[in-house]
Protein chains: 2
Amino acid sequence: MARPRKPLLSRERIIETAGVLIDAEGVEAISTRRLAAELGVSGPSLYNHFRTKDEILEAVADAVQAQVDLSMFDAGAHPESGDWGWDTALHDWGVAYRATLKAHPHIVPVLALGPGRRPAGLRVADAVFGAMVRAGWPPAQATSIGALMRYFVTGSALGSFARGFVDDQAAYDPTDYPHLGQAHLLAERQEQVDEGAFETGLRAIIDGLRVQFAAIAEK
Amino acid sequence: MARPRKPLLSRERIIETAGVLIDAEGVEAISTRRLAAELGVSGPSLYNHFRTKDEILEAVADAVQAQVDLSMFDAGAHPESGDWGWDTALHDWGVAYRATLKAHPHIVPVLALGPGRRPAGLRVADAVFGAMVRAGWPPAQATSIGALMRYFVTGSALGSFARGFVDDQAAYDPTDYPHLGQAHLLAERQEQVDEGAFETGLRAIIDGLRVQFAAIAEK
DNA sequence: ACCTGAACACCGTTCAAGT
DNA sequence: ACCTGAACACCGTTCAAGT
């Protein structure tokens, strides 16, 4: 075939197809040959558009991150109700962030691991930092808030805590694990357990930040 | 050589060598051939001791997790001073947990991702759950606390937030990122920024849990 | 039981050749 | 510029053969 008069591939098409494939079958399902085949093209063609396979994965991760809603940080968010607060914005963002990652769980390791030098990651950092400073947080704390929220949300989206438990009482020898007598019950409700832990943690973080904020404002 | 009269390998020796290799060169450096060579043995020999390469990585992750100090959850911890509290225990554990993971950063993705069905993971869950219930937390909340702490600590150990920023002001176009004018300064102090965000987040979580605990105790 | 070399079906990436 | 097939240097894993 050689060079067609109109390019068969584009970065966008590669990212799109890779994303679908990863959502369906996981990151391990992606090989350059497999992805290329899915695109109707031969393996090495991809290297005309990306330098490495890792770069493709990073681009997919960035595309997912870009879907996270940030509108709650807008200066004029909820102007009518007048109840904007850095705390509710942070909570809403956390929930939206997690929901987006949970919709694309297979790419989360790439997203969480990378240094986050991707454009969408910077856009998030910018929005959070800007909103926190505007709300009265000192810059150093505003930076920390963006970081710690990322730690918590990606950590929660990465691994299921509840999935660690099997639905079999015999698996938990009371000698080894004296307090896990009911642990096998967790297996039945993995989803709720992880969701509950996330909600509890998110609320704790925000309650805790309120305590710190009050201490700062006091001075 | 065929079968030697004394086995050349053991699970322990494989885990140990794999751990050293991963610490030094990362998970990608581990191939079954490379690891076997390091052990003075041929590639397929490993399959007499582990079913898959992934099982080896899981075992290394478990070995790291097993190093995390849990003594702060002991019933008789600090009996002389009498200042044991679930909150300080949780804080100390968080700090110790993160320190251990930071000492072996290359294995953290495996540790954070896996379902945590490994023995060391269960031992952690058991210790935290037991201590929280003993301190007066309802079982459902005690479960959540173990989970949310894991989310936060592994998330913080996985990716550096600060590493996302480069030491170059020109990288942050004010049009794209209106609030990142000082972001290039973060690059210089990655370590402190991430450490500070972790400390802030850990304190916020514990302060927030105190608020919830007070609400529960009140009833 | 525990090691070996050979073999299978893959990989990511490079590169010269085609238009 | 953008695609191709061939090739290189790898992979994880299986398996029959050796003791």
Side-chain angles (χ1 to χ4, degrees), chain A residues 1-22 24-62 106-107 109-111 113-115 118, chain B residues 1-22 24-62 106-107 109-111 113-115 118:
Chain A
M1 184 185 296
R3 175 158 120 93
R5 48 188 64 204
K6 194 157 186 298
L8 298 174
L9 294 177
S10 66
R11 285 178 69 95
E12 289 68 37
R13 221 163 76 73
I14 294 169
I15 294 169
E16 162 74 16
T17 303
V20 171
L21 195 53
I22 290 171
E25 306 186 33
V27 198
E28 305 89 34
I30 291 257
S31 76
T32 54
R33 284 166 172 84
R34 169 79 193 280
L35 174 57
E38 214 83 28
L39 286 157
V41 112
S42 93
S45 303
L46 300 172
Y47 291 84
N48 285 298
H49 302 271
F50 289 93
R51 262 198 306 262
T52 63
K53 177 188 164 181
D54 270 356
E55 235 178 48
I56 299 177
L57 298 182
E58 292 285 328
V60 172
D62 193 58
H106 292 136
I107 199 67
V110 177
L111 203 148
L113 188 64
R118 308 172 213 95
Chain B
M1 183 188 293
R3 176 159 120 91
R5 49 188 63 203
K6 193 157 188 296
L8 298 174
L9 294 177
S10 67
R11 285 178 69 94
E12 289 67 36
R13 221 164 75 74
I14 293 169
I15 294 169
E16 161 75 15
T17 303
V20 171
L21 194 53
I22 289 171
E25 306 186 32
V27 199
E28 306 89 33
I30 291 258
S31 75
T32 54
R33 286 165 171 86
R34 168 80 194 279
L35 174 56
E38 214 82 31
L39 287 156
V41 111
S42 93
S45 303
L46 300 171
Y47 291 85
N48 286 299
H49 303 270
F50 289 92
R51 262 197 307 263
T52 63
K53 177 188 164 180
D54 269 357
E55 234 178 49
I56 299 177
L57 298 182
E58 291 286 328
V60 173
D62 192 59
H106 291 135
I107 199 67
V110 177
L111 204 147
L113 190 63
R118 307 172 213 95

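Just so we're on the same page: letters track the sequence lines, and every chain starts at 1.
Judged by distance alone, the side chain of Ser45(A) and the main-chain N or O of Val41(A) form no donor-acceptor pair under 3.5 Å.
Under the Watson-Crick or G-U wobble criterion, with both distances below 3.5 Å, dT13(C) is paired with dA7(D). With a 3.5 Å ceiling on both atom-pair distances, the Watson-Crick or G-U wobble partner of dG18(D) is dC2(C).
One interatomic measurement links the two molecules: CG of Leu57(B) to C1' of dC11(D), which rounds to 14 Å at whole-angstrom precision. Computed from coordinates, the Arg13(A) CZ to dC2(D) P distance equals 14 Å when rounded to whole Å. Remark: C1' of dG18(C) and CZ of Arg5(A) are 15 Å apart, rounded to the nearest angstrom. Put simply, CD on Glu55(B) is 10 Å from P on dT13(D), counting in whole angstrom units. One atom, CD of Glu28(A), and another, P of dT13(D), lie 12 Å apart when rounded to the nearest Å. For the pair Asn48(A) CG and dA1(D) P, the interatomic distance rounds to 10 Å; values are reported in whole Å. One can place CZ of Phe50(A) at 16 Å from C1' of dG12(C), the figure rounded to the nearest angstrom. The OH atom of Tyr47(B) sits 15 Å away from the C1' atom of dT4(C) (whole-angstrom rounding).
Each of dA7(D), dC2(C), dT14(D) was ranked by its minimum atom distance to the side chain of Arg33(A); first place goes to dA7(D). The side chain of Pro4(B) approaches dC3(C) more closely than any other nucleotide in the set dC3(D), dC3(C), dG12(C). Considering only the side chain of Lys53(B), dG12(D) comes nearest among dG12(D), dT14(C), dC3(C). If you check dC2(C), dG5(C), dC3(D) against the side chain of Pro44(B), the one that comes closest is dG5(C). Listed nucleotides: dC3(C), dG12(C), dT14(C). Nearest to the side chain of Val41(B): dC3(C).
Between Ser42(A) and dC3(D), a side-chain N or O to OP1/OP2 separation shorter than 4.0 Å is absent. Distances shorter than 4.0 Å separate none of the side-chain N or O atoms of Thr32(B) from OP1 or OP2 on dC11(D). Of the side-chain N and O atoms in Ser45(A), none sit less than 4.0 angstrom from OP1 or OP2 of dC2(D). Between His49(B) and the phosphate of dC3(C), there is a side-chain N or O to OP1/OP2 separation shorter than 4.0 Å.
As judged by a 4.0 angstrom heavy-atom cut-off over every strand, Leu35(A) is placed among residues making no nucleic acid contact. Among the protein residues, Leu46(B) comes within range of no part of the nucleic acid, since none of its heavy atoms lies under 4.0 Å from any strand.
The distance from atom CG of Leu9(A) to atom CD1 of Ile14(A), rounded to the nearest 0.5 Å, is 4.5 Å. If you take CD on Glu58(A) and CZ on Phe50(A), they are separated by 11.0 Å, rounding to the nearest 0.5 Å. Rounding to the nearest 0.5 Å places CG of Leu111(B) at 5.0 Å from CZ of Arg118(B).
Comparing Arg34(B) and Arg51(B), the nucleotide of DNA chain D nearest to each residue sits closer to the 5' end for Arg34(B).
Residues Leu39(A) and Leu8(A) have side chains not in contact (no heavy-atom distance under 4.5 Å, counting atoms from C-beta outward). A heavy-atom distance below 4.5 Å is not found between the side chains of Val110(A) and Asp54(A).
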